[in-house]
Amino acid sequence: MRFRRNLLGSFLSFVVVVGVWQAIITFGHVAPYVAPTPLDAWRSIVENWSHLWPLTLTTVKETVFGFGAGAALGMGLGVLLSKRRFVQRVIYPILILSQAIPIIALAPPLVLVLGFGLTPKIVIVAWIVFFPVTVSVLDGLANVDRDLLMLARAYGASPWRTFLAIEVPSASSSLFSGLKIGATYAVTGAIIGELAASSGSSLAMFQHAQSAQLDAAGVYGTTLIMTAVGMGWFGLVALVEFFTTPWKRRSIARRAGRHI
């Protein structure tokens with residue numbers, strides 16, 4: 001029920017955004033070369049789809065590989081820093097320093113080191129994704145109920161079993177919050193990587209070419225595709241959370257039952 005409500009809310013939000021967009025164009029008398037109507041942007045996507053489809057697929061591939069690498073690195077680092085306080089004191093400031101480097105400034109050096117291709121784009125996406133995941137896992141594990149941990153130890157549970165049965169479920173909300181943040185930023189990283197490391201055609205370069213031709217419909221249409229990729233990736237993470245954390249739905253149902 002909650003998932004369906006969220007889905008309905010997302011659809012209504014989309015309708016509102018499109019309606020406001022259309023209203024601004026209509027009542028603001030905005031010139032077509034400045035901003036197209038939603039229908040014109042959609043028409044541009046349809047007309048150029050044969051060319052946009054492979055470019056979109058490449059961007060999705062960069063996002064998937066980069067997100068996967070960044071999420072795995074973030075979860076691993078989060079667990080390591082949580083379990084080894086000395087490592088946390090040494091590594092955590094370095095992680096913060098790594099995020100102080102503007103990603104747009106990091107892209108050119110990566111291209112020089114890794115070359116023009118898929119690798120630097122994956123690294124850029126992973127660089128953006130891993131930090132929020134690391135912080136979320138670290139915070140989630142730091143806030144596990146200590147009474148439960150002490151009870152597990154009193155019953156002789158092994159550290160590994162305690163980690164899987166108590167710590168991971170307790171930290172899941174924080175983990176998925178970090179993954180959702182990373183999912184929304186992943187497409188941004190892929191586009192930055194395409195601008196810096198594309199030797200041929202890419203979704204970002206296509207948009208740049210449309211902008212140079214003052215094709216507003218093409219620019220906005222490409223932006224819609226990028227947005228759809230980001231929203232789709234966010235939705236996929238939310239879907240995984242829904243099916244892998246059933247205890248959240250049960251707890252919500254119990255709380256709702258108490259109010260009846």
Side-chain angles (χ1 to χ4, degrees), residues 2-14 16-17 45 52-53 55-79 81 95-96 98-99 101-104 106-107 110 118-141 168-197 202-204 207 222-246 248-249:
R2 184 184 180 188
F3 182 77
R4 289 196 294 268
R5 287 199 301 267
N6 291 337
L7 191 63
L8 179 60
S10 299
F11 175 76
L12 292 177
S13 298
F14 173 77
V16 169
V17 169
I45 294 175
L52 286 170
W53 165 244
L55 303 182
T56 303
L57 191 61
T58 300
T59 301
V60 171
K61 185 187 301 183
E62 297 160 358
T63 304
V64 170
F65 290 163
F67 180 86
L73 177 61
M75 286 187 283
L77 278 174
V79 173
L81 298 183
L95 298 183
I96 296 175
S98 73
Q99 298 304 299
I101 305 173
I103 193 64
I104 193 69
L106 183 66
L110 285 176
L118 190 63
T119 303
K121 302 167 191 174
I122 293 175
V123 171
I124 291 171
V125 175
W127 189 278
I128 290 178
V129 170
F130 91 92
F131 185 73
V133 175
T134 300
V135 173
S136 299
V137 171
L138 186 58
D139 288 345
L141 292 176
V168 170
S170 298
S172 62
S173 294
S174 296
L175 167 62
F176 278 105
S177 294
L179 290 174
K180 290 174 184 176
I181 294 172
T184 57
Y185 289 155
V187 180
T188 301
I191 297 303
I192 292 174
E194 289 179 353
L195 288 172
S202 66
L203 201 58
Q207 185 185 53
T222 311
T223 302
L224 288 178
I225 294 176
M226 297 173 181
T227 304
V229 173
M231 291 179 64
W233 197 234
F234 180 93
L236 182 60
V237 174
L239 194 64
V240 171
E241 179 185 18
F242 178 81
F243 285 110
T244 58
T245 57
K248 293 183 181 180
R249 299 193 297 278

(message) Please list all pairs meeting salt bridge (charged side-chain N to carboxylate O under 4.0 Å, His left out) that have one or both residues in residues 124-138, counting only residues at least two apart or in different chains.
(response) none
(request) Quick one: list whatever passes side chain to side chain donor-acceptor pair (under 3.5 Å) with T58, sequence neighbours left out. (result) none
(request) Could you go through the side chain to side chain contact (heavy atoms under 4.5 Å, CB included) check for F131 and I96 one step at a time? (result) CA-CA 8 Å; F131 185 73; I96 296 175; 4.3 Å; yes
(message) Donor-acceptor pair, distance only, cut-off 3.5 Å: does the side chain of E62 make one with the backbone of I122?
(response) no
(request) Could you pull out all residues at least two apart from T227 that satisfy side chain to side chain donor-acceptor pair (under 3.5 Å)? (result) none
(request) Quick one: pull up OG1 in T244 and CG in L239 and give me the separation to the nearest 0.5 Å. (result) 9.5 Å
(message) Going by side chain to side chain contact (heavy atoms under 4.5 Å, CB included), F130 matches just one of V125, V135, L73. Which one?
(response) L73
Return all side-chain donor-acceptor pairs below 3.5 angstrom for residues 174-188, not counting sequence neighbours, or 'none' if the list is empty.
unit_1 : atom_1 : unit_2 : atom_2 : d
S177   : OG     : S173   : O      : 2.9
K180   : NZ     : E241   : OE1    : 2.7
T184   : OG1    : I181   : O      : 2.7

(request) Could you walk me through whether W127 and Q99 pass side chain to side chain contact (heavy atoms under 4.5 Å, CB included), step by step? (result) CA-CA 8 Å; W127 189 278; Q99 298 304 299; 3.9 Å; yes
(message) Would you compute the distance between atom CD1 of I225 and atom CG of L52 and round it to the nearest 0.5 angstrom?
(response) 4.5 Å
(message) To the closest 0.5 Å, what do you measure between CE (M226) and OG1 (T59)?
(response) 6.5 Å
(request) Report the residues that fulfil ring-ring contact (aromatic ring centres under 6.0 Å, His included) with F67, sequence neighbours left out, ordered by chain and then residue number. (result) W233
(request) For the residue pair V79 and L141, establish whether any side-chain heavy-atom pair is separated by less than 4.5 Å. (result) yes
(message) Which heavy atom of I124 sits nearest to which heavy atom of G193, and what is that distance?
(response) CD1-CA, 3.6 Å
(message) Please find the pair of heavy atoms, one from A190 and one from T63, that lie closest to each other, and give the distance.
(response) CB-OG1, 3.8 Å
(message) How long is the straight-line distance from CD1 of I103 back to CD1 of I192, given to the nearest 0.5 Å?
(response) 6.0 Å
(message) Using 0.5 Å steps for rounding, measure from the CG atom of L236 to the CE atom of M231.
(response) 13.5 Å
(message) Give me each pair satisfying salt bridge (charged side-chain N to carboxylate O under 4.0 Å, His left out) with a member in residues 129-140, each pair once, sequence neighbours excluded.
(response) none
(message) Could you report the tightest heavy-atom contact between A71 and V133, atom names first, then the distance?
(response) O-CG1, 3.9 Å
(request) Would you give the length of the straight line joining atom CD1 of I191 to atom OG1 of T222, rounded to the nearest 0.5 angstrom? (result) 9.5 Å
